[in-house]
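Right, one structure below, let's go through it.
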There are 2 protein chains.
Amino acid sequence: MRPEDLPEIRHLHLFRDMTQANFEALMTSSYALNFPQGLEMIRQGDPADFLHIVLEGSVELFARWGGRECTMAMVQPVSTFILAASIRDAPYLMSARTLERARIILIPSSDLRAMFRRDTEFSVSVINELAACYRSVVRNAKTLKLRNSRERVASYLLRQSILAGGVVSYTLPVEKRLLASYLGMTPENLSRTLKALEGDGLKMDGARVIITDRAKLTALAQPDKLIDGPDVAGNENGAGLPSTRL
Amino acid sequence: MRPEDLPEIRHLHLFRDMTQANFEALMTSSYALNFPQGLEMIRQGDPADFLHIVLEGSVELFARWGGRECTMAMVQPVSTFILAASIRDAPYLMSARTLERARIILIPSSDLRAMFRRDTEFSVSVINELAACYRSVVRNAKTLKLRNSRERVASYLLRQSILAGGVVSYTLPVEKRLLASYLGMTPENLSRTLKALEGDGLKMDGARVIITDRAKLTALAQPDKLIDGPDVAGNENGAGLPSTRL
DNA sequence: TTCCAAGGTTGATCTGGATCAAGTTTTCAC
DNA sequence: GTGAAAACTTGATCCAGATCAACCTTGGAA
């Protein structure tokens with residue numbers, strides 16, 4: 001691991017409050033790996049031997065069943081992922097692959113489990129982190145069950161604009177095919193939906209999003225604190241399924 | 001609270017490992033309530049002032065958005081629910097109503113948060129519980145995104161049969177309209193789907209499920225450890241979204 | 001610079017599941 | 001027991017979104 005990696009990790013909510021000694025202990029048993037683009041570094045079903053942290057690049061969490069596959073989340077730096085599996089010493093429920101060249105920290109799950117028995121502040125951080133992850137997936141499930149695809153697209157685009165600081169225009173952080181899968185629809189349908197949203201306050205130019213009439217788009221998306229966030233408690237971004245940042 | 005309530009609560013994984021003194025402290029600030037059927041005791045968006053435990057009866061967790069509503073989980077005794085919201089001191093993401101007359105324990109969230117700073121074993125239990133809840137919702141999301149409604153119905157019915165001990169015949173634990181909403185479909189569609197599954201190893205008689213050809217039904221449902229469980233680690237049943245027990 | 005593969009769009013068609021509208025059965029309050 | 005409301009079923013129809021197929025666009029790699 002590079003020395004400059006440490007402050008970035010230490011800055012995460014998960015590791016912020018533990019003692020320096022314990023943090024260093026955890027880091028000495030950890031190591032960093034550089035993965036090429038498109039590498040599947042976690043296969044669902046495998047034992048969760050490591051907690052992962054993305055330092056650079058980005059990662060897709062996805063699920064397979066039978067021949068089908070769907071995107072469950074995209075993880076951007078700096079964030080942890082698959083915390084729950086490491087903690088329960090259980091098989092990964094999702095697979096992970098790099099979306100681009102990525103630098104990943106691996107922390108042995110067993111060290112993690114030993115640590116939160118030793119460091120109370122760390123265990124409190126883990127609790128907060130897990131609770132935040134849980135709420136994040138619940139929000140996700142709510143969107144899937146309560147909204148149709150046009151509403152999911154509109155609320156996603158608005159949320160991204162807000163996360164970027166309320167900007168009127170921004171570039172999609174991920175490929176459209178990936179976004180489509182995340183939103184539970186086909187690429188074709190996303191393409192058509194984006195086009196249909198012109199006239200409802202949206203304009204697309206390639207991967208560029210332009211909100212031409214925020215009021216109109218908002219009326220359609222009906223954003224909701226309890227689905228689109230933000231969560232009240234300071235969640236930061238060390239989350240497993242950061243739907244709000246996707 | 002009645003004295004006979006205590007052992008039942010103490011038996012939950014969440015409270016099993018804390019010291020007796022701390023358990024008693026937590027219980028003295030808690031109280032029990034009896035709710036009539038159909039009462040909405042939690043409204044999404046309200047502050048999560050209490051952790052809830054169902055001792056008797058059953059509870060539906062559901063979500064609303066705009067005019068729509070959907071069932072997110074059903075909670076059977078003895079289980080906790082809305083743990084994550086209490087811990088984060090955040091608004092409930094879901095509403096809850098009694099499905100029948102129910103006896104509920106309320107534990108003040110603030111006491112809960114204070115307690116896991118004092119009792120390490122308890123904080124470990126909370127961590128395990130939250131991780132289990134998280135994985136439970138992820139499984140749920142996987143079913144919703146990867147399976148069509150027929151597959152969701154078939155795998156649900158098989159899972160129930162297995163949870164009941166691999167029985168060939170059992171009674172649905174909940175009303176069909178509720179089950180339909182939980183499975184993300186309309187009552188009409190559930191009704192038709194159940195009928196269509198006759199000939200694939202299933203026979204319905206009112207609320208009674210009869211598995212006439214397990215192999216055939218299994219081939220159709222393609223049950224998967226990573227969706228339908230059980231989880232490897234001993235999860236018991238003190239979970240927030242116990243999809244495996246619904 | 002050119003070429004090719006992958007991503008994206010567009011159109012035509014199909015279909016799973018929703019919706020609407022009657023019935024029928026069950027449940028439960030009186 | 002009886003009546004009324006709620007749950008459930010069944011049929012007819014509709015539509016959102018999937019699928020299939022063709023084409024265009026973009027971004028690297030040689």
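In what follows, chains carry the letters A, B, and so on, assigned in the order in which the sequence lines appear, proteins first and then strands, with residues in each chain numbered from 1. Note that the coordinates shown come from a computational prediction; the quantities given were computed from them, not determined experimentally.
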Check your understanding: Using 4.0 Å as the upper bound for N to carboxylate O, is an ion pair formed by A:D228 and A:R147?
Key -> yes
Study note, to complete from the structure: Taken to the nearest whole Å, CD/B:E151 to P/C:dG17 is 9 Å
Revision key, fill the gap. Atom CG of B:N148 and atom C1' of C:dA18 are separated, to the nearest Å, by 15 Å
Check your understanding: Under the 3.5 angstrom rule, does the side chain of B:S181 hit a backbone N or O of B:R177 as a donor-acceptor pair?
Key -> no
Practice item. Please state whether the base of D:dG11 and the side chain of B:R192 form at least one donor-acceptor pair under 3.5 Å? Key: yes
Review point. Of B:S149 and B:Q37, whose closest DNA chain C nucleotide lies nearer the 5' terminus?
Key: B:S149
**Study point:** Whether A:Y31 and A:F50 hold their rings parallel, tilted or perpendicular, with breakpoints at 30° and 60°
**Key:** perpendicular
Practice item. To the nearest Å, give me how far apart CZ (A:R150) and P (D:dC15) are. Key: 15 Å
Review point. Any N or O donor-acceptor pair linking the side chain of A:E188 to the base of D:dC20 at under 3.5 Å?
Key: yes
**Study point:** Polar side chain donor-acceptor pair, A:R214 to A:S161, under 3.5 angstrom
**Key:** yes
Practice item. Would you please classify the geometry between the B:H52 ring and the B:F81 ring as parallel, tilted or perpendicular, with 30° and 60° separating the classes? Key: tilted
Heteroatom pairs (N/O) under 3.5 angstrom, protein to nucleotides 6-8 of chain C:
residue, atom, partner, partner atom, Å
C:dG8, OP1, A:K176, N, 3.1
C:dG8, OP2, A:K176, N, 3.4
C:dG8, OP2, A:R177, N, 2.9

Review point. When the distance from NZ of A:K145 to P of D:dA16 is rounded to whole Å, what number comes out?
Key: 21 Å
Review point. Within the distance-only criterion (no hydrogens, no angle test), does the side chain of B:T186 pair as donor or acceptor with the backbone N or O of B:N189 below 3.5 angstrom?
Key: yes
Practice item. Report the distance from atom CG of A:N189 to atom P of C:dA12, rounded to the nearest whole Å. Key: 17 Å
Check your understanding: Sub-3.5 Å donor-acceptor pair from the side chain of B:K145 to the main-chain atoms of A:Y182, do we have one?
Key -> yes
Check your understanding: How many Å lie between CZ on B:R208 and C1' on D:dC8, as a whole number?
Key -> 18 Å
**Study point:** Distance-only donor-acceptor check, side chains B:E60 and B:T71, under 3.5 Å
**Key:** yes
**Study point:** Distance test, side-chain N/O of A:K195 to OP1/OP2 of C:dT10, below 4.0 Å
**Key:** yes
Practice item. Give me the bend of the helix from C:dT1-D:dA30 to C:dC30-D:dG1, using the axes of the five pairs at each end, rounded to 10°. Key: 50°
Review point. Base, sugar-phosphate, or nothing: which does A:G184 touch, judged by heavy atoms less than 4.0 Å apart?
Key: sugar-phosphate
**Study point:** Pair B:D5 + B:R103: basic N to acidic O under 4.0 Å
**Key:** yes
Exercise for review: Measure from CD on B:E100 to P on C:dT27 and round the result to the nearest Å.
Suggested key: 15 Å
Review point. Rounded to whole angstroms, how far apart are CG on A:L197 and P on D:dA16?
Key: 14 Å
